[in-house]
Amino acid sequence: MSSEKSGDVRATRHIRLTSHPGQQGPSGAPAIHWGAATAAKRGPVIGTTTNRSQRNVIGTHSGSYGVYRALAVAAGNLVKGHRADLTNTSPTDLIGPNPQWGEAEKMVSIDPWGASVADVFSEHIAQGYDVRPTIAVTKAHIDLPEIRHAMVFQRLIPDNRVLLENGSAVVTKVAIEPVWWLPGVARRFNVSEADLRRNLFEETGGMYPELVTRSDLEVFLPPIGGQTLYIFGNPRDLADSNVTLTARVHDECNGSDVFGSDICTCRPYLTHAIEECIKGAQQGGVGLIAYSRKEGRALGEVTKFLVYNARKRQLGGDSADKYFLRTECVAGVQDMRFQELMPDVLHWLGIRKIHRLVSMSNDKFDAITGSGIEVGERVKIPDELVPADARVEIEAKIAAGYFTDGAVPDGDQLAATKGRTLG
């Protein structure tokens with residue numbers, strides 16, 4: 001290769017592989033003691049690439065956007081080694097520390113100190129360590145037509161605290177990037193850490209060789225989407241079991257959530273949960289929507305659309321009795337969301353009881369209660385909010401174990417529940 005002009009970030013350089021000890025940390029890299037009760041004892045998570053000798057994890061921050069970052073550097077739009085100026089970026093609301101932060105097994109997929117690195121790791125930053133937040137907390141107003149509709153029919157009344165006269169709801173909004181402590185993740189799934197590392201390495205096409213060559217690095221920043229929380233009311237009340245908590249854990253469905261596709265119940269259930277969260281906060285409680293990027297049951301949107309076609313074109317048409325079969329035929333599995341890691345964010349918030357869980361999912365309920373969080377009432381989606389073409393989905397899920405306060409459909413009823421054809 002010919003070298004580029006002097007000073008160009010694209011100038012030819014040798015590449016240093018980092019798959020063996022001595023090429024990057026732990027010399028010069030702070031140790032991570034996962035589950036330590038204080039930030040000082042736990043140590044910072046350093047996934048930046050400005051100084052490779054400081055790195056103490058596998059992967060990089062904002063892993064799902066790493067390729068875009070690489071493109072920006074390659075194109076000369078981003079200076080390689082840029083250090084974030086964290087002035088005035090501190091959280092708008094203080095969350096924690098909560099007792100669960102010192103229990104290693106309670107949180108294996110989130111850095112509990114990720115929102116406050118500029119404060120709790122200020123000494124490391126002053127010493128030149130490039131520590132980045134993995135959690136950001138801000139304020140926002142959200143504006144949904146379904147909420148204004150609820151106001152028209154007086155199901156919701158503005159109070160100018162939680163719900164404004166113009167129909168906007170006031171929320172605290174939290175963005176969370178995944179930070180996996182591999183020994184804990186392995187135990188959560190009842191597999192060996194060696195098998196977990198090997199499969200992560202192989203199924204990402206060998207993208208992270210450190211997974212199999214660096215057993216001394218226990219923390220992984222996976223290249224997957226994170227979570228966004230929407231909190232209605234005082235975030236500090238989430239950790240108070242005496243304050244009524246209305247909550248929904250929702251997995252991403254772009255087609256429905258954003259564009260209103262009617263083949264599933266995702267958007268109507270989400271907006272119904274938001275309405276319930278607003279009511280709960282207005283009545284002195286607190287509301288929570290935990291939104292995870294797990295598009296198409298974590299199978300991806302392409303797979304989801306292929307399944308739609310298979311369902312609509314199969315002999316006999318789209319029917320509830322074959323709802324899960326079509327997904328298995330295309331993807332090899334019904335669902336890859338694996339709710340085992342989902343409760344971590346609830347523990348980060350200090351939650352010990354959800355008084356009203358707006359969810360019918362048995363997988364989510366089992367994961368939440370299995371992690372030690374008490375659940376009171378379960379709130380199903382009102383029948384009138386289920387789109388006609390989504391009856392196939394909801395009936396199949398109820399038959400498979402989803403919560404309902406009504407009758408569970410039998411085989412004949414499932415076969416008779418049909419969706420429309422393509423077109």
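This chain uses plain numbering: 1 for the first residue, then up along the sequence.
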Nearest-0.5 Å distance that lies between atom CE in M342 and atom CD1 in I368: 4.0 Å
Is [X] salt-bridged to [Y], cutoff N-O under 4.0 Å?
X	Y	value
R148	D143	yes
R297	D363	no
R236	D93	no

Aromatic plane relationship, H149 with F153 - under 30° parallel, 30 to 60° tilted, over 60° perpendicular: tilted
Short side-chain to backbone donor-acceptor contact, S116 and D119, under 3.5 Å: no
R293 versus T228, side-chain donor and acceptor atoms under 3.5 Å: yes
Q339 side chain to D366 side chain, donor-acceptor N/O pair below 3.5 angstrom: no
Residue pairs fulfilling side-chain hydrogen bond (donor to acceptor under 3.5 Å, both in side chains) with at least one residue in residues 181-191, sequence neighbours excluded: E105-R187, W181-E218, R188-D344
Which residues share a side-chain contact (heavy atoms from CB on, under 4.5 Å) with [X], sequence neighbours left out:
X	result
V212	F201
A273	R248, I289, V358
K418	S319

Salt bridge (charged side-chain N to carboxylate O under 4.0 Å, His left out) contacts touching residues 173-184 (sequence neighbours left out): none
Partner of H61 under side-chain contact (heavy atoms from CB on, under 4.5 Å), chosen from T48, V179, I46: T48
Evaluation steps, salt bridge (Lys or Arg N to Asp or Glu O under 4.0 Å), between R42 and D111: CA-CA 10 Å; R42 205 293 303 277; D111 175 8; 2.8 Å; yes
ring-ring contact (aromatic ring centres under 6.0 Å, His included) contacts touching residues 277-298 (sequence neighbours left out): H250-Y291
Pair F403 + F365: ring centers closer than 6.0 Å: no
